[in-house]
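Structure, as structure tokens:
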2 protein chains.
Amino acid sequence: MEQKLEIPKKYRLTKQRKAILEILEKSDIPIHAKEIFERLKKGGWNINLSTVYRNLDMLTKEGLVIKSYMKGEDKARYALPDKKNYLVCEKCGKIVIIDNCPFDKFKEELKEVHQFEITGHCIEVYGICPECQEKFS
Amino acid sequence: MEQKLEIPKKYRLTKQRKAILEILEKSDIPIHAKEIFERLKKGGWNINLSTVYRNLDMLTKEGLVIKSYMKGEDKARYALPDKKNYLVCEKCGKIVIIDNCPFDKFKEELKEVHQFEITGHCIEVYGICPECQEKFS
DNA sequence: AACTTTTTGCAAATGATTTGCATTTATAGA
DNA sequence: TCTATAAATGCAAATCATTTGCAAAAAGTT
Ligand SMILES: [Mn+2]
Ligand SMILES: [Mn+2]
Ligand SMILES: [Zn+2]
Ligand SMILES: [Zn+2]
């Protein structure tokens, strides 16, 4: 079921493009375009924010990157396709990825009941992380 | 399990607020703030776009309205759906509520694995509805 | 009605995202 | 390796959804 995602041949493999993908690989949570930009700068890159946006747009359209919005936020986050289910701590904002996506089992059932052709999903769970349970108890 | 959603007592029931809710009730798909604004104007209202935004913000925070983003779009949509788990058609924006939330079974497991005290969740599933499958086939 | 608090309208600001254009770079071919 | 050409980048300016400050208007209370 897993497929290696590759940049289609019509696009060129620029160093900026590679660098952006590396940031996304290293991040364990969906991040903002500006965060990517800042991490690159911090890493010594001289990249431009427009370039980050243009690449994220392209990658999103090609399905290589998932664009999403977190509750209460007004700017998009981007992540590689395997990082879209997560826990968010309401107190400190910490994010924990949920692996072993619980949705897959449910998908088939959903498909039949609603006749939808399912193309994607996002599960966001809110709660209070162990540290904050201590701190605010 | 169903609960009638009401505007909390600390808020006033202005005519603008009522009008916005009526538009949302009449719409069968999630719509943009500006669409709400324009429908109100067309209906003879002299409301201001800021007022629409402020009300939508308030209603969203109170959980009376669901704010979401459709794939490929960069502006928020708002709808009345009374639940937080839904299917969104990528083509027409139609929303179908998922009842029998699949998450509950998974919740206990999640609690133990991550030690989070879970307070809420949101499941968004994207796909193509039966009608659009026809139309775009 | 008078009073208190919230909400509105309007205009200006914000901030994320996009775009135009000149310049650079990646890639294919000679 | 050198060249041609399309694609991508940097930079600055533009867009446009959303937010905000403030004075005036409306809602809820006594
Ligand atoms: Mn875009
Ligand atoms: Mn807001
Ligand atoms: Zn926490
Ligand atoms: Zn549809």
Side-chain angles (χ1 to χ4, degrees), chain A residues 6-24 27 30-62 64-79, chain B residues 6-24 27 29-62 64-79 93:
Chain A
E6 275 179 35
I7 296 183
K9 39 283 149 220
K10 61 175 166 176
Y11 300 106
R12 296 179 179 175
L13 190 54
T14 63
K15 51 192 178 185
Q16 291 90 338
R17 196 157 281 166
K18 254 185 291 189
I20 291 170
L21 284 170
E22 269 165 32
I23 295 292
L24 288 174
S27 175
I31 51 182
H32 301 136
K34 200 161 189 184
E35 267 177 270
I36 296 173
F37 170 68
E38 277 156 4
R39 292 187 198 184
L40 286 171
K41 299 267 281 202
K42 201 163 296 176
W45 284 93
N46 212 41
I47 200 171
N48 189 277
L49 182 54
S50 303
T51 302
V52 174
Y53 272 113
R54 277 192 278 236
N55 273 292
L56 289 173
D57 265 11
M58 179 285 256
L59 292 167
T60 299
K61 274 170 195 142
E62 291 299 331
L64 301 178
V65 159
I66 302 281
K67 178 179 179 180
S68 64
Y69 289 83
M70 273 186 58
K71 206 178 231 168
E73 276 190 0
D74 51 338
K75 43 189 173 178
R77 285 176 178 263
Y78 302 84
Chain B
E6 274 179 36
I7 295 182
K9 40 284 151 217
K10 61 176 165 176
Y11 299 105
R12 294 179 181 177
L13 191 54
T14 63
K15 50 191 177 184
Q16 292 90 335
R17 196 156 281 167
K18 254 185 291 190
I20 291 170
L21 284 169
E22 268 163 33
I23 295 291
L24 289 173
S27 175
I29 64 170
I31 49 182
H32 301 135
K34 200 162 189 184
E35 268 178 88
I36 296 173
F37 170 68
E38 276 156 4
R39 293 189 196 183
L40 287 171
K41 299 267 282 202
K42 201 163 295 176
W45 285 93
N46 212 41
I47 200 171
N48 189 279
L49 182 56
S50 303
T51 302
V52 174
Y53 271 113
R54 276 191 279 235
N55 273 293
L56 289 173
D57 265 12
M58 178 284 254
L59 292 166
T60 299
K61 275 171 194 141
E62 292 299 332
L64 301 178
V65 159
I66 303 278
K67 178 180 180 180
S68 63
Y69 288 84
M70 274 186 57
K71 211 175 228 171
E73 276 190 358
D74 51 338
K75 41 190 174 178
R77 286 176 178 263
Y78 302 84

Report summary line: Taking dT19(D), dT9(D), dA16(C) as options, the one with an atom nearest any side-chain atom of Tyr53(A) is dA16(C)

Query raised in the report: Which of the following nucleotides, dT17(C), dT20(D), dT18(D), is nearest to the side chain of Arg54(B)?
Result: dT20(D)

Query raised in the report: Taking side chain as C-beta onward, heavy atoms only, is Tyr53(A) less than 4.5 Å from Asp57(A)?
Result: no

Query raised in the report: Distance from Leu13(B) atom CG to Glu6(B) atom CD, nearest 0.5 Å?
Result: 10.5 Å

Query raised in the report: So, is Asn55(B) near the phosphate of dT8(C), with a side-chain N or O under 4.0 Å from OP1 or OP2?
Result: yes

Report summary line: Regarding the side chain of Arg17(A), the nearest nucleotide among dT18(C), dT9(D), dA17(D) is dT9(D)

Report summary line: Comparing nearest nucleotides in DNA chain C, the 5'-proximal residue of the pair Gln16(B), Tyr11(A) is Gln16(B)

Query raised in the report: Taking atom CZ of Arg17(A) and atom CD1 of Ile47(A), what is their separation to the nearest 0.5 Å?
Result: 10.0 Å

Report task. Find the distance Met58(B):CE to dT20(D):C1' and express it as a whole number of Å. Result -> 18 Å

Report task. Can you tell me the distance, in whole Å, between the CD1 atom of Ile7(B) and the C1' atom of dA27(D)? Result -> 13 Å

Query raised in the report: Which nucleotide in the set dG9(C), dA26(C), dT17(C) lies at the smallest distance from any side-chain heavy atom of Asn48(B)?
Result: dG9(C)

Query raised in the report: Just wondering, do Leu59(A) and Leu21(A) contact through their side chains at under 4.5 Å, heavy atoms?
Result: yes

Query raised in the report: With sequence neighbours left out, what residues match Tyr69(B) under ring pair (Phe, Tyr, Trp, His ring centres under 6.0 Å)?
Result: Tyr69(A)

Report task. Examine dA27(D): is either OP1 or OP2 under 4.0 Å from a nitrogen or oxygen in the side chain of Thr14(B)? Give yes or no. Result -> no

Query - Reported CG-to-NE2 distance for the pair Leu56(B) and His32(B), which is rounded to 0.5 angstrom - result: 12.0 Å

Report task. Mind calculating the distance between CZ (Arg12(B)) and C1' (dT29(D)) to the nearest angstrom? Result -> 9 Å

Query raised in the report: Given that Leu13(B) and Leu49(B) both sit by DNA chain D, which one's nearest nucleotide is further toward the 5' end?
Result: Leu49(B)

**Report entry** Point-to-point distance, once rounded to the nearest 0.5 Å, from OG of Ser27(A) to CZ of Arg39(A)
**Finding:** 5.0 Å

Query raised in the report: Does Ser50(B) make a side-chain N or O approach to OP1 or OP2 of dA11(C) shorter than 4.0 Å?
Result: no

Query raised in the report: If we fit an axis to the first five pairs and another to the last five of the helix from dA1(C)-dT30(D) to dA30(C)-dT1(D), what angle do they make, to the nearest 10°?
Result: 50°

Query raised in the report: How many Å lie between CG on Asp57(B) and C1' on dT7(C), as a whole number?
Result: 14 Å

Report summary line: Lys67(A) NZ to dT17(C) P, in whole Å, measures 7 Å

Query - Salt-bridge contact Lys42(B)-Glu38(B) (side-chain N to carboxylate O under 4.0 Å) - result: no

Query - For atom CH2 of Trp45(A) and atom P of dT9(D), their distance in whole Å - result: 11 Å

**Report entry** Whole-Å gap separating C1' (dG10(D)) and NZ (Lys41(A))
**Finding:** 11 Å

**Report entry** Earlier contact from the 5' end, DNA chain C, for Asp74(B) and Lys10(B)
**Finding:** Lys10(B)

Requested in this report: Specify the separation, in whole Å, of atom NZ of Lys75(B) and atom P of dT15(D).
Outcome: 16 Å

